[in-house]
Amino acid sequence: MKKDFYIYNTASRTKEPFAPLHDTVGMYCCGPTVYNFAHIGNLRTYIFEDVLRRTLLSLGYTLKHIVNITDVGHLVSDADTGEDKMEKGAKREGKSVWDIAACYTQKFMENIRDLNIQNPDLFPRATDHIPQMIAMVQELERKGVTYRTGDGIYFDTAKFTAYPDFARLDPASIRAGERVDMGDKRSPTDFALWKFSPPGVKRQMEWESPWGAGFPGWHIECSAMALAYLPQPIEIHCGGTDHIRVHHTNEIAQAEGATGKPFVRYWLHGEFLVIDKGKMAKSGGNFVTLDSLKSRRIPPLAYRLFCFSAHYRSPLAFSWEGLAGAAQSLVNLRRDLVAGAKAPSEPADPGNAENLLKDFYAAVCDDLNMPQAMAALWDIVRNEKISPAERRAAAARADDILGLDLLQVPEEEPAESFAGEKDAAIRLTSGRPLTDAQKREIVEKVRQRQRARAVKDWGAADRFRTELTQLGATVKDRPDGTAEVAIQ
RNA sequence: GGCGGCAUAGCCAAGCGGUAAGGCAGAGGUCUGCAAAACCUUUAUGCUCCAGUUCAAAUCUGGAUGCCGCCUCCA
C-alpha cells in the first residue's frame with residue numbers, strides 16, 4: 001500500500017509529495033572517495049540514504065539504486081598546483097593508487113555492512129567509466145559549452161544560463177579570485193571537465209583521450225555514471241549538504257548541458273555531524289571512525305540509532321556521552337522486546353501491526369522524521385495495553401526501515417578467558433589490555449571476595465569490592481554465584 | 001562579500017499558531033547482605049533576548065546577540 005510520502009527537495013526548497021514518473025525509481029547517491037577511512041560523519045549521510053531506500057522499498061516502490069565509488073584522484077585545489085588526493089594517500093602509505101583505492105573501498109564496504117546499510121544495486125567505480133565521461137565531454141564540446149586552457153577542458157558556465165538557479169547563486173556577487181584560484185578560467189564558476197597530465201609527469205592514473213593523456217574532472221563522473229545506468233530524468237539524487245553549491249550544481253550543468261533535458265527531479269541532502277561545534281572533517285583531525293567506536297565496545301548499530309536522534313536535515317552534535325546513551329537505548333529497546341517474548345501471548349496479527357505503526361509511518365513519510373518515528377516506536381514498545389506478540393510484530397515491521405536488528409536477543413558480552421586462569425565462577429571482560437600479573441591480581445581479589453561472601457563476611461567482601469574498584473574493576477554478582485568483572 | 005541554517009531541561013533532540021514528544025543521564029522508591037539488574041514514580045509555568053501581530057506564539061513579523069555550514073577536495 002502506497003502512503004503519501006513527502007520529501008524535501010533542495011531544488012524547490014520545499015517539502016513535496018513524492019510522485020515518480022517511472023515504474024522503477026532511479027536513485028543515485030554520491031559515494032565515497034576512497035583515499036582514506038570514512039569517518040562517522042560521512043557514514044551519517046549513508047545511513048540517511050539507507051533509510052530513504054528502505055522507506056521507498058517498504059512503501060512498495062521498485063528501486064534501482066546506485067552508489068558510486070570515486071577511485072580516481074581529485075586535485076586538492078582548483079588550480080594546477082595541488083596534490084592529487086589518491087596520489088597523496090599512496091605516497092603516505094607507500095602503495096600504488098590502485099592499492100589505496102582497493103583498500104579503502106574494502107574498508108568502506110565493511111562499514112556499510114556493520115551499519116546494516118543495504119547494498120545498492122550497483123557500486124560503479126569511476127575508473128571503469130572513463131569512456132562514458134569522455135563521451136559526455138565530447139558531447140559538451142559539440143554543444144559549444146566548453147573551452148580549452150593550458151591545463152584542461154573547462155565547462156563555460158556563462159553558456160548555461162540556468163547555472164545559478166539550483167544553488168540560488170547571485171552571479172554578480174561571485175567575485176573572481178576571492179577564494180578560488182582562477183588559473184586560466186574565464187569565470188570563477190567554470191570547472192574542469194578533463195585535466196591534462198602535466199608535461200613530463202607520468203601519473204599513476206591517467207588515460208588517453210581526444211585531448212591527450214589526462215584524467216577526468218571532479219564532477220563528470222557522477223553525471224556520466226548516473227545517466228549510464230538510470231533513465232533521465234533521474235528521480236532521486238542524494239548527497240551531503242556540502243555538495244549543493246559546487247558538485248551538484250556542476251553535475252546539473254554537465255548533464256543538462258549535454259542532453260538538453262532535466263537531469264534530476266528530487267534532490268535530497270543530508271546535514272553534517274558536528275563535533276565541538278564544527279563539522280567533522282578528515283582534514284580537521286577531529287574525526288572518529290567506526291573502527292574506533294568498535295574498539296570502545298560501542299556497537300555500530302548504536303551509532304545508527306544515534307543518527308535517528310536528529311532529523312537528517314539538521315546538524316547532529318556528536319559526543320561520546322550521547323553515543324553511549326544511544327548504545328544504552330538500543331540495549332533497552334531490545335531488552336523490552338525480548339521481555340515481551342517471554343510472557344505468554346497469542347499470535348500477532350500482521351494487520352494490527354500496520355495499524356499500531358500508524359504514527360511511525362506518518363513520521364517516516366513526513367520527510368523521514370526519524371526522531372518522531374522513534375518516539376512512536378517507544379510508545380508501542382512500552383505500551384502494556386498491547387500484547388507482547390503484537391509489539392514484537394510491529395517492531396519487526398518498523399525494523400525494515402530502521403535496520404537496528406531490534407529483535408536480536410541481547411547477547412552476553414563474550415567473556416575473555418585469561419591466560420592460565422580457567423575459573424568458571426569468574427567472567428572477565430576488559431576494555432583495555434592487561435598484563436598477566438594485573439589479571440592475576442584482579443582474579444585473586446575476586447576470589448577472596450567470593451570466599452568472604454560464602455561465609456557471609458560482608459565487611460571483608462565490601463573491602464575487596466572497594467579495592468577492585470580502585471583497580472578499575474567493576475564486579476557484578478549474578479544469581480548463580482558467578483561474578484562478572486568488567487575492567488575499564 | 002554572496003548563499004543557507006541554527007539557538008527548546010544535565011546531554012542528544014522533536015514540535016513550526018492552540019497551551020512543551022521521545023531517548024540517555026539524574027532523583028526518590030520497591031527489591032537484593034552491599035552493589036548490579038529489574039520494576040514503579042519523578043524531572044522545562046517555559047523554549048537566547050527585545051518589541052510587535054493574534055483570543056492564543058517555542059511556533060508568525062521586525063530587531064538584537066551568539067553559533068555553524070557552503071562558496072576550495074569534502075557526507
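Not measured: the values here are computed from a predicted model. The sequence lines fix the lettering, A, B, ..., with proteins before strands; numbering per chain opens at 1. All values below come from the heavy atoms of this structure, side chains included, with hydrogens, waters and symmetry mates left out.
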Between the side-chain atoms of [X] and the base atoms of [N], is any donor-acceptor pair under 3.5 Å?
X: A:Asp477; N: B:C34; result: yes
X: A:Arg465; N: B:C34; result: yes
X: A:Lys279; N: B:C74; result: yes
X: A:Arg453; N: B:G33; result: yes

Pick base, sugar-phosphate or nothing for [X], based on heavy-atom distances below 4.0 Å to the nucleic acid.
X: A:His269; answer: nothing
X: A:Val274; answer: nothing
X: A:Tyr46; answer: sugar-phosphate

Rounded to whole angstrom, note down the P distance from B:A58 over to B:A21.
14 Å
Verify, without hydrogens or angle tests, whether A:Asn9 (side chain) and A:Thr14 (backbone) share a donor-acceptor contact under 3.5 angstrom.
no
5' priority, RNA chain B, between A:Arg13 and A:Tyr35 [closest heavy atom]:
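The 5'-side residue here is A:Arg13.
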Need to verify one output field. Residue with the more 5' nearest nucleotide on RNA chain B, A:Val246 or A:Arg449?
A:Arg449
Atom-pair distance ([atom1] on [X]; [atom2] on [N]), nearest Å:
X: A:His311; N: B:G22; atom1: NE2; atom2: C1'; value: 15 Å
X: A:His248; N: B:C70; atom1: NE2; atom2: P; value: 15 Å
X: A:Arg334; N: B:A37; atom1: CZ; atom2: P; value: 19 Å
X: A:Glu384; N: B:U41; atom1: CD; atom2: P; value: 9 Å
X: A:Tyr312; N: B:C12; atom1: OH; atom2: P; value: 23 Å
X: A:Arg335; N: B:G23; atom1: CZ; atom2: P; value: 12 Å
X: A:Leu169; N: B:G1; atom1: CG; atom2: C1'; value: 14 Å
X: A:Asn332; N: B:C39; atom1: CG; atom2: C1'; value: 13 Å

[N] phosphate, OP1 or OP2, under 4.0 Å from [X] side-chain N/O:
X: A:Arg382; N: B:G23; answer: yes
X: A:Ser314; N: B:A14; answer: yes
X: A:Asn369; N: B:G15; answer: yes

Using a strict threshold of under 4.0 Å (side-chain N to carboxylate O), is an ion pair present between [Y] and [X]?
X: A:Arg304; Y: A:Asp405; result: no
X: A:Lys279; Y: A:Asp242; result: no
X: A:Asp457; Y: A:Arg463; result: no

Kindly point out which of [options] is positioned nearest to the side chain of [X]?
X: A:Asp462; options: B:A75, B:C34, B:A13; result: B:C34
X: A:Ala317; options: B:G33, B:A13, B:G4; result: B:A13
X: A:Lys476; options: B:A14, B:A35, B:A13; result: B:A35

Can you confirm whether A:Leu293 sits close enough to A:Trp320 that some side-chain heavy atom of one is under 4.5 Å from a side-chain heavy atom of the other?
yes
Closest approach of A:Tyr154 and A:Asp190, non-hydrogen atoms and distance?
CD2-C, 4.5 Å
